[in-house]
A.B. asks: 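Sending over a structure as structure tokens; questions will come in a sec.
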There are 2 protein chains.
Amino acid sequence: MPTDIPTDLDDEIAVLLRRAEQRYTTGRRRLVAALHNGEGPLTLGQIMAAEPTLPQSSVYRNLTILEEVGIVTRIVTNGDFARYELAENLTEHHHHLICTNCGDVADFSLSGRVESTLDRALAESARTAGFTPTAHRLDLLGTCADCG
Amino acid sequence: MPTDIPTDLDDEIAVLLRRAEQRYTTGRRRLVAALHNGEGPLTLGQIMAAEPTLPQSSVYRNLTILEEVGIVTRIVTNGDFARYELAENLTEHHHHLICTNCGDVADFSLSGRVESTLDRALAESARTAGFTPTAHRLDLLGTCADCG
DNA sequence: ACCAATAATGAGAATCATTTCCAAAAGTCC
DNA sequence: GGACTTTTGGAAATGATTCTCATTATTGGT
């Protein structure tokens, strides 16, 4: 479980934090590492399992700060707790497979062709509604491989 | 504010409830009416504003029951509270415009052509991941007309 | 319509993920 | 190194949602 972050990702995060006058402390780096290591967005419990010595209150606080700075995205799928992942600026545009049985969430991507068809259609719908879009979010609900 | 439900919708809901050995009481009908009247998914507060005499605990309890029966869908966009709307079986397939400023949620739809392009692409992604899809969920995030 | 049996209601208490407090520890800058 | 500012961590507070349980409504049989 080497909590490693690629150097360029680490640097990018350092810049974002500095720009917001926030420090890139050891605890925050370990938190980022846990998110980077996980496949798909993680619950608080999963983060704490990966980094058991980080205190809960600090994890919550830092997740909030990292979200404000644009390093972390908080998502609420449907269950009782939130999940956190690195923001798309720092990773790649992707979507989520949400298992309605066990609650687990995995990532997937669509082809660029489908994405742009979608983006065009969404832009059109937004314009009609006088809505200024900044991002979209697409989830597929169903049963994951483990839940058969 | 005539809390009216179209007869066929009302009948359909009655059938779903009876099938689940649940009663279609006055309180539940008023709850359904509030959801039907609202444009877009409503928070508990918005429901209570529309039907101030319904007690909170009953609203919560009935929302849960109606969700289990497949009459209501609970969605959590990102804020601190859940929102509720009539299930798609009873309405029409649609998506949500989520204002990241004021938190309000409005409905919109895509053309059948875009929807089927999307469905095909999603089915393919799901198969690759060994995932059995049952539905998809697509949100557009941004700023609503009111928030300029 | 009336009765017994069963399900739903309502007011408040309990739950639990998340936030907040604040004194102690760490980082920053000169 | 020292003063200053930010972060930390443990524990207490918050607040949306859920549960409890005595009371009330609804149903089906007669």
Side-chain angles (χ1 to χ4, degrees), chain A residues 10 13-35 41-69 71-85 103-105, chain B residues 10 13-35 41-49 51-69 71-85 103 105:
Chain A
D10 199 64
I13 289 169
V15 169
L16 285 169
L17 280 171
R18 202 170 311 117
R19 188 176 298 162
E21 298 183 350
Q22 292 283 341
R23 296 174 185 169
Y24 197 5
T25 61
T26 312
R28 291 177 181 174
R29 186 172 270 106
R30 286 209 280 154
L31 178 48
V32 167
L35 294 175
L42 303 179
T43 62
L44 209 277
Q46 292 172 317
I47 294 169
M48 301 276 286
E51 288 290 342
T53 62
L54 290 180
Q56 185 187 58
S57 63
S58 296
V59 172
Y60 270 120
R61 178 158 15 77
N62 284 326
L63 284 170
T64 304
I65 290 168
L66 292 172
E67 190 187 17
E68 285 167 358
V69 176
I71 294 168
V72 159
T73 303
R74 171 194 162 119
I75 66 182
V76 187
T77 56
N78 243 351
D80 289 331
F81 4 90
R83 288 170 183 268
Y84 302 87
E85 66 183 355
D104 212 53
V105 180
Chain B
D10 199 62
I13 289 170
V15 169
L16 285 169
L17 281 171
R18 203 170 311 116
R19 187 176 297 161
E21 300 183 350
Q22 291 284 340
R23 294 171 186 172
Y24 198 5
T25 60
T26 311
R28 290 176 182 177
R29 186 172 272 107
R30 287 208 281 152
L31 178 49
V32 167
L35 294 175
L42 303 180
T43 62
L44 209 276
Q46 292 173 316
I47 294 169
M48 301 278 284
E51 287 290 342
T53 63
L54 289 179
Q56 186 186 59
S57 63
S58 296
V59 173
Y60 270 121
R61 176 155 21 73
N62 284 325
L63 284 170
T64 304
I65 289 167
L66 292 173
E67 190 187 15
E68 284 167 356
V69 175
I71 294 168
V72 160
T73 304
R74 170 195 162 118
I75 66 182
V76 187
T77 56
N78 242 348
D80 289 332
F81 4 90
R83 288 169 184 269
Y84 303 86
E85 65 182 355
V105 180

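Below, chain A is the first sequence line, B the second, and so on; all start at residue 1. Small disclaimer: the values here were computed from a predicted structure and weren't measured.
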A.B. asks: Using whole Å, report how far CD1 of Ile47(B) lies from C1' of dA16(D).
C.D. replies: 13 Å
A.B. asks: Measure the distance from CG on Leu54(A) to P on dG9(D) and round it to the nearest whole Å.
C.D. replies: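 Those two atoms, CG and P, are 7 Å apart.
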A.B. asks: Assign each of Phe81(B) and Ser58(A) to its nearest nucleotide of DNA chain D by heavy atoms, then name whichever residue's nucleotide is nearer the 5' end.
C.D. replies: Ser58(A)
A.B. asks: Over how many whole Å does the gap from Arg29(A) atom CZ to dG27(C) atom C1' extend?
C.D. replies: 13 Å
A.B. asks: When you check the gap from the basic side-chain N to the acidic O, do Arg30(B) and Glu51(B) get nearer than 4.0 Å?
C.D. replies: yes
A.B. asks: Using only side-chain N and O atoms of Asn62(B), determine if any of them is under 4.0 Å from OP1 or OP2 of dA8(C).
C.D. replies: no
A.B. asks: To 10°, what angle do the rotation axes through the five end pairs on each side of the helix from dA1(C)-dT30(D) to dC30(C)-dG1(D) form?
C.D. replies: 50°
A.B. asks: Report the distance from atom CZ of Arg18(A) to atom P of dT6(D), rounded to the nearest whole Å.
C.D. replies: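 The answer, rounded to whole Å, is 16 Å.
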A.B. asks: Would a 4.5 Å heavy-atom cut-off, applied to side chains only, mark Glu67(B) and Leu63(B) as touching?
C.D. replies: no
A.B. asks: What's the CG-C1' distance between Leu66(B) and dA8(C), to the nearest Å?
C.D. replies: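 Between C1' of dA8(C) and CG of Leu66(B): 13 Å.
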A.B. asks: Is the phosphate of dG10(D), meaning OP1 or OP2, less than 4.0 Å from a side-chain N or O of Gln56(A)?
C.D. replies: no
A.B. asks: Give me, pair by pair, the N or O atoms of the protein and of nucleotides 20-29 of chain D that are less than 3.5 Å apart, along with how far apart they are.
C.D. replies:
none

A.B. asks: Choose from dT17(D), dG9(D), dT19(C) the nucleotide whose nearest atom is closest to any side-chain atom of Tyr60(B).
C.D. replies: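 So the side chain of Tyr60(B) is nearest to dT17(D).
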A.B. asks: In this structure, how many angstroms lie between the P atom of dT7(D) and the CD atom of Glu68(A), rounded?
C.D. replies: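 Value for this atom pair: 11 Å.
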A.B. asks: Write down the distance between CG (Asp80(A)) and C1' (dT17(D)), rounded to a whole number of angstrom.
C.D. replies: 9 Å
A.B. asks: Taking only N and O in the side chain of Gln22(B), is any of them less than 4.0 Å away from OP1 or OP2 of dA7(C)?
C.D. replies: no
A.B. asks: Checking the side chain of Thr64(B) only, and the main-chain atoms of Tyr60(B) only, is there a donor and an acceptor separated by less than 3.5 Å?
C.D. replies: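 Side chain of Thr64(B) to backbone of Tyr60(B), a donor-acceptor pair under 3.5 Å: yes, one is there.
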A.B. asks: Does the ring of Tyr24(B) carry Arg18(B) above it, NZ/CZ under 6.0 angstrom from centre and within 45° of its axis?
C.D. replies: no
A.B. asks: Between Ile65(B) (CD1) and dA7(C) (C1'), how many Å, whole number?
C.D. replies: 10 Å
